[in-house]
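A note on names: the letters A, B, ... follow the listed sequences, proteins ahead of strands, and every chain is numbered from 1.
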2 protein chains.
Amino acid sequence: MTETKGLARNESPDRIPPRDRIVAAARELFYRQGIRAVGVDAIAEAAGTNKMTLYRHFASKDELVAECLRRLSVEKNEVWARLEAEHPGDPRAQLQAWLREAAGNVSDPRSRGCALANAAVELPEKDHPARQVIEQCKQTTRENLVALCRRAGVARPELLADQLFMLLEGALVCTQSTGHAGPACQFVTAGQAIIDAHLR
Amino acid sequence: MTETKGLARNESPDRIPPRDRIVAAARELFYRQGIRAVGVDAIAEAAGTNKMTLYRHFASKDELVAECLRRLSVEKNEVWARLEAEHPGDPRAQLQAWLREAAGNVSDPRSRGCALANAAVELPEKDHPARQVIEQCKQTTRENLVALCRRAGVARPELLADQLFMLLEGALVCTQSTGHAGPACQFVTAGQAIIDAHLR
DNA sequence: CAGGGGTGTTACCGGTCAGTAACTAGATAA
DNA sequence: TTATCTAGTTACTGACCGGTAACACCCCTG
């Protein structure tokens, strides 16, 4: 007895709590169809639950959107530790690995760009709870990329980071308007040229 | 007599026909607030008319969206003739002028990115009437940029064009998530570096 | 003058939206 | 056991959505 101390309740078939199922379903639907195109009923149904349970966990749809982007933001920020773990003490190898990882996202045929950037397009209201999540995550990404470029020993780390940042954002948004056979297929070549130019 | 042969009717105060007012109002509202966030009633009211007149000119809201993007597409394609007129027979100067013109769009504090790219984010349905307009315009832009780079005499015109294309798309989308003080402020520097590298 | 086409106005349709109330079932914890 | 907490279910609200019907208006043309 005294086994399940509150953290494992109501696991009928899947043992995933409703809150997590809701966030997972919402993330997928928001990303595939767009935030404004998805209703809360559809999210609840895709999560195998209902609207009331959704509203017991989230004050509003906007808050659910923010929570989805918050989780994505956390996941995105994990890449820096992973790069360091894969190439410890070798920032240049980490930069190359970053480029390859980014290329994987760009070339993924299921990709619909960056969910955060897409949300910024769909939600222009400055006071939307998702906006600070978006801006915070992008800012953190930029800072981590600058730090990596600095450790790589380039003369102008901020410039290199911003060039790579814009290149990646551009490639991701390109796939949605020109497809994966458009300019985005030059992502690696372009990124490598930028890095090489900075490494002399 | 026989003056106004049908082209100047119903010009009460402004002499702009309702259809054009509707498209102008829709373009502004779609761009500022997002396509899905704007209702047809709001468009009609902003155009100084009503919903019935709107639906007499457009079969549906989706068709109105497509028409808005079609007009934007036409305007965007005018840039190539303008560059040629301003720097006749000097493709390298035209490329520089393109970069400066693009920089103007990026740094404009009222800019919310490219309306076509934003629409591609908001309208993922493959059969939406706006999609072929988006893809067609982006494709044409890419081809014109490749042609300009080729005339400029660089060794790999397709690569240069795609690099500049991604850079511009990235800068435009960046302004919506990281603001105008983010990576986008390095647009000109980055673009110039790319061009210089190709011109040896 | 008579006619007609483009416009304005009002009211309406069915559907969907975000969000809530009230109640039931089931599992846990004392 | 009893009490409590969470989740499921149904039904509902009021607002708004895209789109339409019917009719009055007005200016232009014949």
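Distance, B:N50 CG to C:dT10 C1': 10 Å, rounded to whole Å. What separates CZ of A:R56 from P of D:dC5 is a distance of 14 Å, to the nearest Å. Rounded to an integer number of Å, the gap from CD of B:E45 to P of D:dG18 is 14 Å. Between A:H57 atom NE2 and D:dA7 atom C1' there is a gap of 8 Å when expressed in whole angstrom units. In this structure, the CZ atom of B:R36 is 12 Å from the P atom of C:dA18, given to the nearest Å. Taking atom NZ on B:K51 and atom P on C:dC12, their separation rounds to 13 Å, with Å as the unit. Atoms CG (A:L29) and P (C:dA18) sit 12 Å apart, rounded to a whole Å. The CZ-P distance, from A:F58 to D:dA7, rounds to 11 Å in whole Å.
Taking 4.0 Å as the cut-off between side-chain N and carboxylate O, A:R150 and A:E158 count as a salt-bridged pair. Taking 4.0 Å as the cut-off between side-chain N and carboxylate O, A:R71 and A:E67 count as a salt-bridged pair.
Distances shorter than 4.0 Å separate none of the side-chain N or O atoms of A:T49 from OP1 or OP2 on D:dA7. OP1 or OP2 of C:dG8 sits under 4.0 Å from a side-chain N or O of B:T53. Distances shorter than 4.0 Å separate some side-chain N or O of A:R21 from OP1 or OP2 on D:dG8. Distances shorter than 4.0 Å separate none of the side-chain N or O atoms of B:S60 from OP1 or OP2 on D:dG18.
Here the side chains of A:L199 and A:L95 are not in contact, with every heavy-atom distance at 4.5 Å or above. Side chains of A:T178 and B:E169 form no contact here, defined as non-hydrogen atoms less than 4.5 Å apart.
Projected onto DNA chain C by closest heavy-atom contact, A:M52 and B:G48 fall at different nucleotides, the more 5' of which corresponds to B:G48.
Here the closest non-hydrogen pair linking A:C185 and A:H180 is CB-O, 3.9 Å.
In this structure, the nucleotide among D:dA7, C:dA18, D:dG18 sitting nearest to the side chain of A:P18 is D:dA7.
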